[in-house]
Every structure is written in structure tokens, then in C-alpha cells.
2 protein chains.
Amino acid sequence: MARVRAVDRRLYLLVEIAARRLHRDVDARLTQSAGVSASQAAVLFLLLRRGERRLGSIGETLALGAPAVSGLISRMEKAGLVIRRKDAADRRGALVDLSEHGRIAAEQADAILRTYNAELDERLGEDDAEALHHALTRLIASEDQG
Amino acid sequence: MARVRAVDRRLYLLVEIAARRLHRDVDARLTQSAGVSASQAAVLFLLLRRGERRLGSIGETLALGAPAVSGLISRMEKAGLVIRRKDAADRRGALVDLSEHGRIAAEQADAILRTYNAELDERLGEDDAEALHHALTRLIASEDQG
DNA sequence: AAAGACTCTTTCACACACGAATGAATCGGC
DNA sequence: GCCGATTCATTCGTGTGTGAAAGAGTCTTT
């Protein structure tokens, strides 16, 4: 608790620190139980929910730049988690979808993430969890309009 | 707003996405106006407030692992922002403090961060900003007991 | 149809994070 | 005093992110 005081009244630092801690936790669990990283799991999760997507769309949803997505998908492709194919309709773009193996990993990752988020909710209590969710959603949405 | 739905009910992803956006914004401003990165600014900020510290202490406050701090401080030292010296009392450890140049950069960064956080507060409104602050602080604190 | 503008992805060089292993100094028990 | 355990920092290899620039394809304008 003492250490939090150092960044008091600096919402930005608070978000960054919290994100780092959560990422570390989630990554450890996912690596252990599903054999994928936290970053990869976010993509798997998205593809599982929404199906085949373009790289740019993934980046938009996850707030990642084009080079980040490109590299992430390349590593996932090499790991056999996703399949990348040219978009016939617009041959500049590439479409990404889950492989068989990727779908299994995605479902495992989804379950782990679900459990983790449930624990977060419990740790925070319903009110704070709801408030956090609401505030972050607003933060992200308001960012969209610059 | 539509894109937020994809990660709905996944607090972890929400925190990560928000952190990435904020980091990118803050980094751009700091690089432009103070010539330091967002990660470096967090260290500068800490040293400005609390004075000379050990590497481990910095990592604890900012939720960074030892290798991350070591590299970050090395780059900052090379850039002339901080000075690293052996701790005479415990010669395993090293102490880090601001250089002259570092102090100036720290004050600039502090002002920029202050402005940015004020904008965040304004964008969110007092209630949501307060709720966010409260929830994140609790999240970080509750993580400590793991 | 050709030229130029625009969009999507990749490549490049770099910063920043991690876990695992290593080196160096201190501490604790004997 | 000495030896093993512990602690603090660094190094190593890798993954993940960035901005800038390049490459490839599409669209728009004439």
C-alpha cells in the first residue's frame, strides 16, 4: 500500500502498473496451462468470438499498431495457432483465422481468462469491478475521438 | 465503442488496452517535449519525489522485474539522466539518483504528466476518475498479498 | 488508361519487458 | 571464522511493442 502513494494522483502510472501486474499473472497462467502467451491469447479470444479477421481489424480492436500485429501473427502462424491467407477481395490485405490447434488453445485460453476475470471481480467486489469496467470503457471510447 | 464490445466482461483485456493507448499518448508527448520515454519518465518522476533509490526499490514501486530496471537504468545512464553508484553500506546493491540534466528532464516530464492526468480527469469526469483511481489502487494493493 | 493518392501489410532498427541463469556481497548458524 | 542460504544486480535469449519507411494493391481523378 505504501508503494502506491508514490504514484498517487497519477492515473496514467496507476493504469500502467496495474496492467503490468495483470499481464504478468495472466501470462504465467496461460503459458502454463494453454501454452500460449497473454498477447497471443487476446488474438485467439478475438478470433474465437468474431471469426476470421484482417490484421488491421485485430490491431484496431486490441489497440495494437500494424507492425505489432504483423509480428504477433507471424509467431502464431509459426506455432500453428492461426492460418494467414490472402484476401481474395482485396489482395493488399491478409485474413487470419484459427487453425484446428488454435481453436483448442483458444478455448482453453478463454476458460483461463474467464476464471481470472472472475477472480478479479471477486477481489474488487461487484461495485468496484463495475466502476472499473465502466471507467475504462469510457476512457477507451473517448480516446477514439481524440 | 463497437470495438469495445469484443472484450466486454474481460477486465484484464480492458486494462491492457487502456494502458497501451495511454502509454502511446504519453510517450509521444514526453518524447516530443522532454526528450525522454514514458518508461524513463516514470523513473524520473519517482526519483524526483523520493530521491536516491536502489534498483530493487524502483522495480517494486513500478511493478518491474529486476532485468527490466537494470536495462532501463543503463539506458538512462547512457543518456545522462541518472547516476548509478555502488551502495557503500551494502555493496551488492547500486543506488540511482538524478543527474543535473535528469532533474531538469524530470521536472519537465512531471509537468507534462500532470497536464495529461488533468486531461484524463476531465475526460472521465470527477466521479469516474475517482472510481478508477480507487479501483486500481485496490487492485494493486490486493495483488500484493497475492 | 495513366498518374497520383491512399490503404494495408511488412520490414527495419530500436526500446522495453520477461524468466532463467550467473556473479557478487551479505547474512545466519555453527 | 567459515560455509551454505539468501539477496541484489546483471547478462542472456526471446517476445512484444513503437515509429518510420518500403512494397504491393486499390481507388480516384482526369
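Below, chain A is the first sequence line, B the second, and so on; all start at residue 1. This is a predicted model, so every value here is computed, not measured.
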Provide, to the nearest angstrom, the distance between the [atom1] atom belonging to [X] and the [atom2] atom belonging to [N].
X: A/D27; N: C/dG19; atom1: CG; atom2: C1'; result: 10 Å
X: B/I73; N: D/dC8; atom1: CD1; atom2: C1'; result: 14 Å
X: B/L30; N: C/dC16; atom1: CG; atom2: C1'; result: 15 Å
X: B/E60; N: D/dT7; atom1: CD; atom2: P; result: 13 Å
X: A/K78; N: D/dT16; atom1: NZ; atom2: P; result: 11 Å

Indicate, with a heavy-atom threshold strictly under 4.0 Å, whether [X] touches base, sugar-phosphate, or nothing.
X: B/A94; result: sugar-phosphate
X: A/R75; result: base
X: A/G93; result: sugar-phosphate
X: A/G65; result: sugar-phosphate
X: B/A66; result: base

Worksheet entry | Salt bridge present between B/R10 and A/D110 (N-O < 4.0 angstrom) | yes
Discussion item. Let me spell it out: for each of A/K86 and A/G71, pick the nucleotide of DNA chain D with the closest heavy atom. Which residue's pick is nearer the 5' end?
Written reply: A/G71
Worksheet item: Between A/H23 and A/R91, who's closer to the 5' end of DNA chain D by nearest nucleotide?
Response: A/H23
Worksheet item: Do the ring planes of A/Y12 and B/Y116 sit parallel (below 30°), tilted (30 to 60°) or perpendicular (above 60°)?
Response: perpendicular
Worksheet item: Hey, is the main chain of A/R123 close enough, under 3.5 Å, to the side chain of B/R138 for a donor-acceptor pair?
Response: yes
Item to complete: For B/R84 and B/S70, run side chain to side chain contact (heavy atoms under 4.5 Å, CB included): C-alpha distance rounded to whole Å, both residues' side-chain angles, the deciding distance at 0.1 Å, then the answer.
Response: CA-CA 11 Å; B/R84 194 201 235 121; B/S70 193; 4.2 Å; yes
Response to the item:
Side-chain atoms of B/D90 come closest, of C/dC16, C/dT10, C/dT26, to C/dT26
Discussion item. Measuring from the side chain of A/L55 (C-beta onward, heavy atoms only), which nucleotide among C/dA17, C/dT10, D/dG17 has the closest atom?
Written reply: C/dT10
Discussion item. Can you say whether a donor on the side chain of A/R92 sits under 3.5 Å from an acceptor on the base of C/dT9, or the other way round?
Written reply: no
Worksheet, complete the sentence: For A/T61 and B/I17 the tightest heavy-atom approach is O-CD1, 3.6 Å
